[in-house]
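Written below as structure tokens is the structure these notes are about.
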Amino acid sequence: MKEKKTGTIKYRYLTAVLFLLVVFACFVLNVKETLNNYRAGTTHGIREIAADAEAVDSIVYPFVNLNGGFQGLMDRDYLYDADPGNDIIRKPDGYIVSRASGYSEEDVDAAVQKLADSADWLAEMDIPLVYIQAPSKMSASPDEAMPGLTNYTYYKNQYFREKALEKGIDYIEAAQWLSGSDEDFYKTDHHWTTDSCFTAA
């Protein structure tokens with residue numbers, strides 16, 4: 001019994017040591033890359049140095065790619081993130097979308113109010129407001145990315161338009177220039193394809 005308990009303690013110590021080594025290695029890489037950026041003149045001042053140290057490409061991207069490759073090997077269609085609002089879904093057509101876990105009507109109301117304030121400010125100078133709403137993969141249709149997952153992106157977009165029209169603000173939905181399908185976007189992220197950009201332009 002005592003031997004088994006000793007083995008468990010050793011395992012816990014080993015796990016803790018490995019974890020600390022990984023954290024220390026990440027810290028060293030953070031400092032190294034931040035200093036390199038500073039010496040190259042791409043980073044200036046304390047704030048930029050701090051921001052630079054928070055998102056170091058040499059650490060972030062390898063982990064992201066490693067995780068993506070591992071999930072791909074497992075053939076998973078739902079990938080969890082530390083923030084549920086950033087969970088990733090692979091749709092049946094193979095396209096990747098981010099899951100919006102909800103939205104705040106207060107935040108949307110505030111955004112609409114800022115747009116209305118801008119319109120009023122421009123009107124005082126006889127300048128017409130031209131606002132273009134860029135679509136996302138999930139904003140054109142209420143279809144779910146997976147069964148049982150509400151498409152909050154679509155409903156947020158609809159709510160924004162409803163509130164903007166209530167304030168007398170009409171705007172251009174860029175989605176009308178595109179096909180309205182996933183093919184307007186790259187499979188792996190939220191960006192329009194090059195062809196979609198040219199069409200909109």
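Every value quoted in this text rests on a predicted model; they were computed, and no experiment measured them.
Annotation: cation-pi geometry satisfied between Arg161 and Tyr171 (NZ/CZ under 6.0 angstrom from ring centroid, within 45° of ring axis).
With contacts defined as side-chain heavy-atom distances shorter than 4.5 Å, the pair Ser98/Ile88 qualifies. Looking at Val112 and Phe160, their side chains come closer than 4.5 Å, going by heavy atoms from C-beta outward.
Heavy atoms only, all atoms of each residue included: Ser139 and Asn157 are closest at O-ND2, 4.0 Å. Of all the heavy atoms in Tyr78 and Arg76, the pair that sits closest is O-NH2, 3.3 Å. Of all heavy-atom pairs between Ser136 and Phe185, the closest is C-CZ, 3.4 Å. For Val97 against Ala145, the heavy-atom pair with the smallest separation is CG2-CB, 3.9 Å. For Pro142 against Tyr155, the heavy-atom pair with the smallest separation is CB-OH, 3.8 Å.
With 3.5 Å as the limit, one finds no donor-acceptor pair spanning the side chains of Gln113 and Lys163.
Every pair tested for salt bridge (Lys or Arg N to Asp or Glu O under 4.0 Å) that includes a residue from residues 104-126 fails, sequence neighbours excluded, so the list is empty.
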Checklist entry - What do the steps show when you test Ile132 against Trp177 for side-chain contact (heavy atoms from CB on, under 4.5 Å), and what is the final call? => result CA-CA 11 Å; Ile132 300 173; Trp177 301 327; 4.0 Å; yes
Item to check | Step-by-step salt bridge (Lys or Arg N to Asp or Glu O under 4.0 Å) determination, Asp182 to Lys137 | outcome: CA-CA 6 Å; Asp182 284 343; Lys137 283 181 179 176; over 6 Å; no
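With hydrogens and angles disregarded, no donor-acceptor distance shorter than 3.5 Å links the side chain of Thr150 to the backbone of Tyr152.
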Can you give me every donor-acceptor pair (side chain of residues 186-196, partner residue at least two apart or in another chain, under 3.5 Å) with its distance?
{"unit_1": "Tyr186", "atom_1": "OH", "unit_2": "Thr194", "atom_2": "N", "d": "3.3"}
{"unit_1": "Tyr186", "atom_1": "OH", "unit_2": "Thr194", "atom_2": "OG1", "d": "3.0"}
{"unit_1": "Asp189", "atom_1": "OD1", "unit_2": "His191", "atom_2": "N", "d": "2.8"}
{"unit_1": "Asp189", "atom_1": "OD1", "unit_2": "His191", "atom_2": "ND1", "d": "3.2"}
{"unit_1": "Thr193", "atom_1": "OG1", "unit_2": "Ser196", "atom_2": "N", "d": "3.2"}
{"unit_1": "Thr193", "atom_1": "OG1", "unit_2": "Ser196", "atom_2": "OG", "d": "3.0"}
{"unit_1": "Ser196", "atom_1": "OG", "unit_2": "Asp184", "atom_2": "O", "d": "2.7"}

